[in-house]
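Side chains are part of it too, since the values below use all heavy atoms of this structure and drop only hydrogens, waters and symmetry mates. Quantities reported herein were computed from a predicted structural model and do not represent experimental measurements.
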Amino acid sequence: MSRFDEVIERRGTNAVKWDELKAVFGKEDVLPMWVADMDFKAPEAVIEAVQKEAAHGIYGYTLVPDSARESIVTWMSVRHNWGIQKEWLLFNHGVVPSIGAAIEALTKPGDAVIVQPPVYNPFFDMVEKNDRKLVHSELLLQDNRYEMNFADIEEKIISEKAKMFVLCSPHNPGGRVWTKEELTRLADICQKHGVYIVSDEIHSDLTREPHKHVPISSLSEDYSAFTVTLIAPSKTFNLAGLQASALIIPNNVVRTKIQKVFARQGAFTLNRLGIAAMEAAYRYGHEWLDEAVDYIQRNNRLVKEYVEAEIPELTVMEPEGSYLVWIDCRKLGLSDKELLALFLDAGIALGNGAKYGPGGEGFMRINIACPRSLVQDGVERMKKAVDSIK
């Protein structure tokens, strides 16, 4: 039995995934497979580190120590073959606010910022809430796999005078792990036109063989000069509630501009438990992560094989990274509202594809980072939903 087979009760713990069902979906007697949040217990080393800090009893202002910085430097070298320097690191409580800070620091109100829908929907919010112009360069769906539309990207950069490109790497919700060739082509376009890249790489540790995540900033010193890379242990080790993330910014001028935004916002440091958890995860979490990735891959195989055999009306997009599976439901001929209701009536809450922007219509996103028994339950509920309209 795998450690990840354990079903842990999360209701009543203020877990957004489980305790917000009524508020979000209007009913709570459903299986939640919507939020990108694992139902796995964190690595033992992380739990011990948090308990040790908690036991101290004094929780005053806490600096991020060099040992935590060094754990990230080592992690990036070992897991992603990228030699970074600890001086390149800044810290914030989450990747999304870091995107907002980068937009504020490196662009001006009214500037165009390009995103690639369908994509993680907070990207849209951060652009628009910072009074920038949101520009879509929609991904191309080719043979059930997303591709970048490079011609469209360059055309939009020129026509909209775009100043920033927000990249989701690996891609959420489609699970694409962009290749070195794709990233190089994108970076070349951005370099040619003086466009900053903000690369959200929060799912980078969850790729599967033979796919390999490549940090876009690692490809050349030239690229790193205009790229801000965002990472966090939150998706990798299920630590979102401890709110700790890092920004990797080799360019000192860019880094200073973002530091000034943090200063204006009053951002000072991370919380003490988050710092301890982050360092322990990056220092001791390798074995746990390898097992988790293997377990998630087996869950993915279960979903793919079950859907192909039992629900042929749906099409599973094979994820190359992350624990999110993007499912094409367009053959059912239902609106997005009808799709969501169909699955809710069968007892399962999924992520509605429409909220991820143009190209997401008719898709649903399912989170499979949970015990296999829940994944099995989930696909059976999906079959029940589809069978109900045959």
Side-chain angles (χ1 to χ4, degrees), residues 4 33-38 40 80 116-120 138-149 167-183 200-214 235-236 289-332 339 343 348 350-354 356-357 359-372 374-383 385-386:
F4 303 111
M33 303 187 82
W34 59 298
V35 173
D37 168 316
M38 294 179 175
F40 301 148
H80 303 297
Q116 293 177 292
V119 73
Y120 184 50
E138 190 172 334
L139 292 169
L140 300 173
L141 184 57
Q142 306 280 10
D143 298 322
N144 197 33
R145 186 173 186 261
Y146 284 123
E147 304 283 351
M148 295 191 195
N149 188 338
L167 173 67
C168 196
S169 179
H171 179 252
N172 170 15
R176 267 303 315 275
V177 175
W178 308 114
T179 65
K180 179 179 178 180
E181 291 71 26
E182 288 171 311
L183 295 170
D200 174 1
E201 303 188 7
I202 198 169
H203 293 278
S204 59
D205 298 318
L206 296 161
T207 58
R208 305 163 199 173
E209 295 294 341
H211 307 285
K212 181 70 176 175
H213 172 72
V214 178
K235 299 301 183 210
T236 308
L289 177 59
D290 290 341
E291 291 181 21
V293 169
D294 179 70
Y295 190 89
I296 292 165
Q297 175 61 23
R298 293 173 186 270
N299 280 354
N300 178 68
R301 192 175 305 128
L302 186 160
V303 171
K304 188 173 187 299
E305 292 176 355
Y306 186 94
V307 169
E308 287 177 349
E310 302 292 336
I311 328 174
E313 297 85 354
L314 307 182
T315 302
V316 173
M317 183 178 288
E318 187 78 25
E320 299 167 353
S322 88
Y323 49 73
L324 306 168
V325 181
W326 194 231
I327 300 181
D328 187 346
C329 307
R330 291 176 296 174
K331 291 178 183 176
L332 298 179
L339 269 178
F343 289 110
I348 183 170
L350 302 175
N352 194 334
Y356 301 100
E361 303 89 350
F363 287 78
M364 301 296 281
R365 193 189 77 171
I366 181 171
N367 173 0
I368 59 169
C370 57
R372 192 154 299 127
L374 297 186
V375 177
Q376 182 68 44
D377 187 8
V379 291
E380 289 175 359
R381 294 182 191 217
M382 291 171 64
K383 175 177 168 53
V386 176

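- Here the straight-line distance linking atom CD of Gln297 with atom OG1 of Thr207 works out to 11.0 Å at 0.5 Å rounding.
- Nearest heavy-atom pair across Ser322 and Gly175 is OG-CA, 4.4 Å.
- A 4.5 Å side-chain heavy-atom check between Met148 and Leu167 finds at least one atom pair inside the cut-off.
- For Tyr356 against Pro117, the heavy-atom pair with the smallest separation is O-CB, 3.8 Å.
- Counting heavy atoms from C-beta on, the side chains of Gln116 and Cys168 never come closer than 4.5 Å.
- Side-chain contact between Thr179 and Val214 is absent, with no heavy-atom pair separated by less than 4.5 Å.
- Side chains of Val325 and Lys304 form no contact here, defined as non-hydrogen atoms less than 4.5 Å apart.
- Between Tyr146 and Leu141 the shortest side-chain heavy-atom distance falls below 4.5 Å.
- With hydrogens and angles disregarded, a donor-acceptor distance shorter than 3.5 Å links the side chain of Glu361 to the backbone of Gly359.
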Note to self: As a quick check of understanding, evaluate side chain to side chain contact (heavy atoms under 4.5 Å, CB included) for Thr315 and Lys331, giving each step before the final call.
What the structure shows: CA-CA 9 Å; Thr315 302; Lys331 291 178 183 176; 4.1 Å; yes
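- Taking the side chain as every heavy atom from C-beta outward, Ile366 and Phe343 never approach each other to under 4.5 Å.
- For NZ of Lys383, the number of neighbouring non-hydrogen atoms (other residues, nucleotides, ligands) closer than 6.0 Å is greater than 12.
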Next item on the list: Could you walk me through whether Asn367 and Tyr323 pass side chain to side chain contact (heavy atoms under 4.5 Å, CB included), step by step?
Entry: CA-CA 6 Å; Asn367 173 0; Tyr323 49 73; 3.1 Å; yes
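- Judged by the 6.0 Å distance and 45° axis criteria, Arg372 is positioned over the aromatic ring of Tyr295.
- In this structure, Leu332 CG and Arg330 CZ are separated by 11.5 Å, a value rounded to the nearest 0.5 Å.
- A 4.5 Å side-chain heavy-atom check between Met317 and Ile327 finds every atom pair outside the cut-off.
- Sparse packing is recorded around NZ of Lys180, with 12 or fewer heavy atoms of other residues, nucleotides or ligands lying under 6.0 Å away.
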Next item on the list: List the steps and the verdict of side chain to side chain donor-acceptor pair (under 3.5 Å) for Glu318 and Asn300.
Entry: CA-CA 8 Å; Glu318 187 78 25; Asn300 178 68; 3.0 Å; yes
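- For the pair His171 and Trp178, the minimum side-chain heavy-atom distance is below 4.5 Å.
- Of the candidates Asp328, Val379, Val307, Leu314 forms a side-chain contact (heavy atoms from CB on, under 4.5 Å) with just one, namely Val307.
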Next item on the list: List the steps, then state whether salt bridge (charged side-chain N to carboxylate O under 4.0 Å, His left out) holds for Arg145 with Asp143.
Entry: CA-CA 5 Å; Arg145 186 173 186 261; Asp143 298 322; over 6 Å; no
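- Under a 3.5 Å cut-off, the side chain of Asn299 and the backbone N or O of Ile368 do form a donor-acceptor pair.
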